[in-house]
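Note that ligands are numbered from 1 as they come in the structure, with each ligand's atoms numbered from 1 the same way. Below, all heavy atoms of this structure are taken into account, side chains as well, without hydrogens, waters or symmetry copies.
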Amino acid sequence: MIIKNANVITCDDQKRIIPNSIIFIGNDGRIESISDSKSTDINPAQANEAYDAHGQYLMPASICAHTHFYGAFSRGMYIPGEAPDAFPAILEKLWWKLDKSLDEKANYFSAMVCIIDAIKHGTTSLIDHHASPNSIPGSLDVIARAIEESGIRASLCYEVTDRDGNERTQQGLEENLRFIENLRDQKENRLSALFGLHASLTLSDATLTKARELCPQNTGFHIHAAEHVVDEYDSIKKSGKRVIQRLNDFGILGEKTVVAHGVHIDAKEIGLLAESGTWLSHQPRSNMNNAVGLPPIESMINAGVKVCLGNYGFSNSMWQEWNAAYLAHKLINSDPRRMPADLIYQMAIINNRELIKTLFYGLEIGVIKPGAVADLVLVDYKPFTDLNSDNLPWHIVFGFRESMVTSTIVNGKFIMKDRGLTTLDEEIIINEARNISASVWNKYQALF
Ligand SMILES: [Zn+2]
């Protein structure tokens with residue numbers, strides 16, 4: 001396929017923006033070349049498909065380092081009784097009852113509605129963290145089916161926890177292991193797996209030991225840490241150690257492990273994340289919504305922690321997360337110099353794509369250059385000021401909107417073309433999701 005008349009935002013090492021280009025994508029889904037539109041090197045007749053971008057921007061699709069497809073049906077849901085006064089109450093009243101209300105069908109459709117949202121808003125690689133305590137065995141296969149059908153890319157895991165009794169702890173451990181082993185034989189490169197753990201505060205020493213024993217050495221973990229300060233106090237009470245130290249001592253950290261949040265970690269814990277090469281995913285919208293505070297992201301990056309950007313399932317527009325990060329750190333520090341947009345670029349573009357490369361078989365995703373995988377979006381953005389390599393991150397924060405995404409490409413194939421989904425029937429899925437979400441809401445209300 002060729003895409004012509006595109007203004008290409010490469011996100012390569014030189015951060016080149018190449019106007020009026022032709023990009024050639026091979027049948028293997030990899031970018032073969034980028035040329036000037038007047039170039040005679042490329043003969044459009046050689047391509048089996050030629051798409052005219054009409055001057056839109058073509059750029060790498062967004063990547064999300066931490067999300068929860070299972071939370072989709074919380075949208076608009078009534079939470080009975082008094083409003084939760086802090087994050088532990090939000091867990092008890094919302095998430096730990098919503099997850100118990102999910103069955104196989106609900107797992108599938110809550111994933112599907114998030115996937116549609118992601119495709120329409122230009123996010124094509126997501127790292128999901130799943131929970132459905134009343135439907136654990138096979139739950140990752142159900143979500144994998146939604147990933148396969150949609151054409152999107154995702155890393156999946158099941159969050160192991162001790163909060164629902166031994167049997168479910170065991171089921172969670174087995175579900176991770178089963179899914180990781182099944183993926184070994186897959187030829188498809190759009191699925192990968194991590195070993196999911198909920199958080200230190202719901203995991204005993206025995207369960208952490210078992211998880212470490214079961215998880216293959218070449219697979220990482222995906223876990224929440226110090227999202228609220230109770231996680232730190234719980235860890236100190238259980239072990240005399242802070243959360244990251246406790247996880248490190250059980251062998252949970254490492255170059256393939258993703259830790260979400262880290263809002264309340266101290267300098268020593270930051271050092272442990274940096275030394276172990278562990279990824280830290282930042283979700284500012286979620287942190288603000290749960291009123292848990294904000295992690296010291298700039299200090300973490302200065303200390304050498306590989307900080308990525310996730311969305312917690314809030315919405316799958318990563319540019320909204322950019323915007324929240326840009327604003328939140330300025331407000332909390334009362335300093336407009338904090339969290340410049342190029343630091344967000346470092347997290348959301350550079351670090352997120354390095355994480356995806358680590359989890360997805362060494363694939364180069366998230367950059368436009370020969371040899372990289374063509375996971376791309378077309379953006380109908382018409383800047384009224386100069387857009388260049390230096391100010392791109394600020395244009396993304398202040399100018400780019402998810403509604404400007406008109407086409408989404410994964411592995412060189414359109415999964416949304418001119419705003420029409422090519423792999424999924426949105427109307428059928430949304431109608432079915434509305435029916436299923438009604439029964440999820442009924443089950444949820446019955447738990448009070
Ligand atoms: Zn999370």
Side-chain angles (χ1 to χ4, degrees), residues 63-75 84 86-100 102 107 110-111 114 117-118 123 125-133 139-140 143 154-161 163 172 176 193-203 220-232 234 243-244 247 252 257-265 273 278-295 297 307-318 320-321 324-325 328 347-348 352 355 359:
I63 293 167
C64 169
H66 177 74
T67 197
H68 295 290
F69 294 151
Y70 84 85
F73 294 153
S74 64
R75 186 173 299 179
F87 184 61
I90 294 172
L91 286 175
E92 290 282 352
K93 291 193 83 168
L94 174 56
W95 301 117
W96 294 353
K97 287 187 167 56
L98 177 64
D99 63 8
K100 290 188 182 67
L102 300 171
N107 286 338
S110 64
C114 291
D117 185 49
T123 305
S125 295
L126 299 109
I127 300 174
D128 186 59
H129 198 267
H130 176 67
S132 53
S139 58
L140 297 180
I143 301 168
S155 166
L156 306 180
C157 73
Y158 188 88
E159 63 154 66
V160 172
T161 175
R163 68 174 182 266
N176 279 298
L194 286 166
F195 200 108
L197 297 168
H198 172 246
S200 172
L201 83 161
T202 69
L203 290 162
F221 292 91
H222 188 181
I223 184 169
H224 298 102
E227 182 170 0
H228 185 274
V229 75
V230 293
D231 200 19
E232 289 288 5
D234 174 89
V243 169
I244 299 295
L247 297 179
I252 303 299
T257 287
V258 180
V259 167
H261 302 299
V263 177
H264 297 278
I265 66 178
L273 290 177
T278 303
W279 304 89
L280 186 287
S281 180
H282 179 37
Q283 290 71 229
R285 285 185 295 175
S286 157
N287 292 163
M288 289 193 285
N289 187 48
N290 290 326
V292 291
L294 282 176
I297 291 299
V307 182
C308 297
L309 200 65
N311 69 28
Y312 197 87
F314 222 88
S315 81
N316 292 290
S317 164
M318 290 307 293
Q320 285 195 12
E321 207 70 47
M347 290 189 268
N352 275 16
L355 170 60
L359 301 187

With sequence neighbours left out, the residues meeting side-chain hydrogen bond (donor to acceptor under 3.5 Å, both in side chains) with Asp128 are none
Return yes if a side-chain donor-acceptor contact under 3.5 Å exists between Asp99 and Ser132, otherwise no.
no
* Asked: Asn290 side chain to Val292 main-chain N or O, any donor-acceptor pair under 3.5 Å?
  -> no
Item to check | Thr161 and Glu159 side chains, donor-acceptor separation under 3.5 Å | outcome: no
CD1 (Ile127) and CG (Asn352) are apart, to the nearest 0.5 Å, by 7.5 Å
Listed as residue and atom, the protein N/O/S atoms under 2.8 Å from the Zn ion (ligand 1) are His66 NE2, His68 NE2, His224 NE2
Check: Can a salt bridge be assigned to the pair Arg75 and Asp117 using a cut-off of 4.0 Å between side-chain N and carboxylate O?
Finding: no
